[in-house]
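One structure below.
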Amino acid sequence: MMNSRLNHLLEEYADLERGVQGLISAQCRETCELCTARCCRADICEEALDSPFLQTLHGHTELESDRCGFLTEYGCSLEIGRPPVCYEFFCEEILESQPDELHRDVLRILGRLPAFAGEQAHGKTHLVEIMQEDRLEKLNFQTLEKRLHQSFRMLEIIRTFYIEGTLPEDACKTLRQIPVSAGA
Ligand code: SF4
Ligand code: SF4
């Protein structure tokens, strides 16, 4: 039977991922839909099968196709459990579509939230890089709960930023926990 702390962690991480995905999609959808050179790659998709944590989240046991991995004509077929790098990468076109450097930095921070939330899950190992399934029962749950809590705070700050268009100084300070280039 799955440990209840692990179950709780899976639920919280899934909520964070859905929140991040929704905001990123709102920023990128238009550009990505017209893109003829999609950045998705089957070897990245495979990471979602190799990682026991991600595999438990999405439940798939094989790729949709050898060539395109989980990418279909409707986009990524994984609702959740995508490798964090899928949220971290923004091409030049996406970055240029942002109105200014502050928006670019906020987008980069948003994309780093799933990776940030899973750091130091077992010793120094990241949550999605744990390859032995039995280790998922022995995670640094306290550390992960704290990181998730911080990630949700940052997600809310970013959600508000997209509605109001401004970033108060204390919100900016919270977001700076995730270092990106200049600006934020
Ligand atoms: S992020 Fe850029 S390269 Fe990737 S699918 Fe979207 S527009 Fe294309
Ligand atoms: S977003 Fe989906 S299809 Fe694209 S690389 Fe990631 S897992 Fe694969």
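As the structure is a prediction and not an experimental result, all values here were calculated from the model. Remember, it's 1-based here, ligands and their atoms both numbered in the order they're listed.
Judged by distance alone, with hydrogens and angles left aside, the side-chain atoms of Q21 form a donor-acceptor pair with the main-chain N or O of E79 at under 3.5 Å. The closest donor-acceptor contact from the side chain of E17 to the backbone of P114 lies at 3.5 Å or more, if one exists at all. Not one N or O on the side chain of N140 forms a donor-acceptor pair closer than 3.5 Å with the backbone of Q142. A donor-acceptor contact shorter than 3.5 Å links the side chain of Q55 to the backbone of H60.
For atom 3 (S) of ligand 1, the nearest non-hydrogen atom of the protein is A37 O, 3.7 Å.
Among residues at least two apart or in separate chains, there is no salt bridge (charged side-chain N to carboxylate O under 4.0 Å, His left out) pair with a member in residues 51-69.
Protein N/O/S atoms closer to atom 2 (Fe) of ligand 2 than 2.8 Å number 1 in this structure.
Clustering of Ile, Leu, Val, Met, Phe, Trp and Tyr by side-chain heavy atoms under 4.5 Å joins L63 with L49, F70, L78.
Within the sub-2.8 Å shell of atom 6 (Fe) of ligand 1, the protein contributes these N/O/S atoms: C32 SG.
At a threshold of 4.0 Å, the pair E156-R159 counts as salt-bridged, since one of the basic side-chain nitrogens sits closer than that to a carboxylate oxygen. A salt bridge does not link R104 with E96: none of the charged nitrogens is closer than 4.0 Å to a carboxylate oxygen.
Ring centers of F141 and H8: at least 6.0 Å apart, outside the cut-off.
Side-chain contact between L6 and E137: present, with at least one pair of heavy atoms (C-beta onward) separated by less than 4.5 Å.
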